[in-house]
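Read the structure below first, then the notes.
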Amino acid sequence: VAEEAYELVTYELDAGVGSSLRRIRTASLLQQAECAVLQKHPKPAAAMELLEEAQRGDGAMCQEGDPSRVPMLFIRADARRGVCDAAVKETCKLLGTSTAGFLELSALAVKELDVPGHAVTGLQGQAPQWHLQEWEHEGERYLIDAAAARVFQAPETAGSSDLHPVGRISEDGEISWVSERRQLFALVLQKIRDSPEDLRLAWAQATRDSASGLNKAESGSLLEILVPDASDTEAAFFQAMLDVDGNDALTITELESAAESCSRAEAACRDAADPDGWSVVCEALADHPSKALATFKALDQHNAGVLSLGQVKDLARLLVPSLDSRDVRALLCRLHAWDVEDAGQLGFEHLQRALGACAVVSTPYQLADNNPHCASAGPHSALEKAAGELARSDPRAHAEWRDKILNAATQLAEAEDDLMEAWDILDALADGEPHPQQARVYARMKDLHRLQGKWEHEAMQYSKLAVHIRSGAEVPVERVDRPKFVRQKPEPRDVKLASIEGELALLRSKVGDFDAAIAHCEVAWDLYTEVYGDRVGMLSTPALKVLKLKALLLAKGEHLVEAAAVHRTLIKHQRRRKGPGSISSLADVYMQLAATVAALSDDPALPAEAVVAQLEEVCSCYQKAIVLYSKRDSPANKLKWEDATQRLVEVQKLCDMQRRKVTSEARRRQTNTQH
């Protein structure tokens, strides 16, 4: 309908009819843009184009502070939010995950690209940052590149960019340690010297014209004869090392001296020497990243995002024309040693990191968020593994999703600016009084803050609302900056306050202020208890959520005794609830209590009798959880049942050992008393 109105008005305007029709034309464009945003499958880009056309036809909409800008600002903010949603949806489909949100994806994109500045090229004269995680395993220190799924030996000097890969990470998070590259040219040289006759036969088989020499293609055939178990990657390395000058011809008499030079380069690389070859290329990459990237793309004729070793040799000579054969061979050996996946090719980012043209930024290995006592199962998350796999299989698609997510972050910041401008215009129109349209700004701003992880902003809004309710004022229906669970139906004021305190506890926990979060949990629980009394657990699900959050926060803060007490209170109230979901929830609480009490039993200062009592409580919790999980047949409960059963067996063994220790100690004391 809006499109039809636009066509009619445009026809009349062409006939020279007045300004009122121009306003109708602008309104029809705004309505079309709004429809483009609100559709089941939104088209934010089309909405932005319609808004630009509306601004061109209405000069007032281009003037800051003009009231006619307000509808346009609302629609533009929604369109920019739509750009973010579309980017998240496309990225999740590409990475094969349905659970990742914008906050998680943007954190990964920023980590890989290190904005501002591009992590691949970096700022002119400034090395891009390379974020790694510190990890200790069997007394050795390592650095993990989660995105590329690689493990490096930690250098002796902190912050050094001279790293050596020692392993790669599989899809299931397991580390495969890689052995040192074998000295290929030392092996070839030995065969040449041990059996000159075999070399002549191999040369005759590999070359079509022995007089014209061995060309690049034939060198691979020669290696296959001399070293039958050579891989394709080693063949490409062999060809590139022999043909460093690009003359594409090598006689049989020159082969031994060339192999000897290549063998010396391999030995220097193995001994971690720092030849001038790759250090000067590193300087060229760091000092002129834009030029280096442009040259890289020019050599990448198929736009695959990667170059072979032979093409990297050409890249090095274009960047540093003064390189000699020795320098080029040192560079190729370095890159061959870094190719732990045996890909035989590398991207620009890989090249920068292999040659030390990145600034290494290492952070401690993180614990899993859902279990304060255990480290995460693998060296990186499933999302990072998916991103790393995509980076290896399709570098261009990997770069595209990162750019989309970072562009979405920019769009969200601009949407926030649009909303703030709309707020200021409405504030000026109302002359200090609340404007009805400002509720729409509240709603959209709150949505953006949640999306961007700005929990402090939202906590401030909830704090204001709590003060508003405590003052005795009614919460109007149009107030949209309140929790979604503060219903429009009449509720006791204490329930509204408890809901807000619970939300504040969650927000404070997200920003790491655990003490404040626990305090909010205690206030919320007291308010719920005042309203519902002893039946609080049966009548109020939010109240139980508050208790669960408090127990988790206490455990994270290592207040294990208090955490166990909260879990016992939670069990008392959870047992009164009915339904299959309540049974599974109760079993989960028993598992959490078991983990907390088990952590308490690790205290070496505890007497053996107290340890036995605590381990018996742990066994009891696991037994009750097993019974509860078995009452509802589901795949999730089956896995939990198996986990609880395995843990029960382990704790029972430990408990029996402690009982024998107590019995032995009692007998010893009795014997001493008799003596």
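The chain is numbered in sequence order, starting from 1.
Inter-residue side-chain proximity for D324 and V328 is flagged as unmet; no heavy-atom pair is nearer than 4.5 Å. Looking at L335 and L351, their side chains come closer than 4.5 Å, going by heavy atoms from C-beta outward. Considering only heavy atoms from C-beta on, L355 comes within 4.5 Å of L331 through its side chain. With contacts defined as side-chain heavy-atom distances shorter than 4.5 Å, the pair C333/F237 qualifies. Between T295 and L319, some side-chain heavy-atom pair lies under the 4.5 Å cut-off. Using a 4.5 Å cut-off on side-chain heavy atoms (C-beta onward), N407 and Q411 make contact. By the 4.5 Å heavy-atom criterion applied to side chains, V312 and L346 are counted as neighbours. For the pair V166 and Y142, the minimum side-chain heavy-atom distance is below 4.5 Å.
Under the 3.5 Å distance criterion, the side-chain polar atoms of R329 are matched with a main-chain donor or acceptor of M241. Side chain of S263 to backbone of A259: no donor-acceptor contact under 3.5 angstrom is found. Between the side chain of E260 and the backbone N or O of L189, no donor-acceptor pair lies under 3.5 Å. E414 places no side-chain N or O within donor-acceptor distance of the main-chain N or O of R80, the cut-off being under 3.5 Å. Checked by atom type and distance alone, the side chain of Q239 never pairs as donor or acceptor with a backbone atom of A236 at under 3.5 Å. Looking at E642, its side chain never comes within 3.5 Å of a backbone N or O of L639 through a donor-acceptor pair.
Taking 4.0 Å as the cut-off between side-chain N and carboxylate O, D327 and R317 do not count as a salt-bridged pair. With respect to K404 and E400, no salt bridge is recorded, no charged nitrogen being found less than 4.0 Å from a carboxylate O. With respect to R647 and D643, a salt bridge is recorded, a charged nitrogen being found less than 4.0 Å from a carboxylate O.
Heavy-atom minimum distance, L105 versus W401: O-CZ3, 4.0 Å. In terms of heavy atoms, G305 sits closest to D300 at N-OD2, 2.6 Å. Of all heavy-atom pairs between A408 and A87, the closest is CB-CB, 4.2 Å. Between V227 and K191, the shortest heavy-atom distance links the atoms CA-NZ, 4.5 Å. Here the closest non-hydrogen pair linking Q311 and V306 is OE1-O, 4.4 Å. Nearest approach of P165 to A337, heavy atoms of both residues: CG-O, 3.9 Å.
A distance of 6.0 Å separates CG in L299 from CG in L318, rounded to the nearest 0.5 Å. Atoms NE2 and CD, on H350 and Q345 in that order, are 11.0 Å from each other to the nearest 0.5 Å. In this structure, I405 CD1 and T91 OG1 are separated by 3.5 Å, a value rounded to the nearest 0.5 Å. Rounding to the nearest 0.5 angstrom, the gap separating the CG atom in L315 from the CG atom in L309 is 12.0 Å. Distance check: D417 CG to R76 CZ gives 9.5 Å after rounding to the nearest 0.5 Å. Atom-to-atom distance recorded for R353:CZ and F348:CZ is 12.0 Å, nearest 0.5 angstrom.
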Practice prompt. May I have the step-by-step check of side-chain contact (heavy atoms from CB on, under 4.5 Å) for L143 and V151, ending in yes or no?
Written response: CA-CA 6 Å; L143 295 175; V151 183; over 6 Å; no
Discussion item. Between L242 and F185, is the side-chain contact (heavy atoms from CB on, under 4.5 Å) condition met? List the steps.
Written reply: CA-CA 10 Å; L242 288 181; F185 281 95; 4.0 Å; yes
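The aromatic rings of F152 and W338 lie tilted to each other, with the angle between the two planes from 30° to 60°.
Around atom CG of D232, no more than 12 heavy atoms belonging to other residues, nucleotides or ligands sit under 6.0 Å away.
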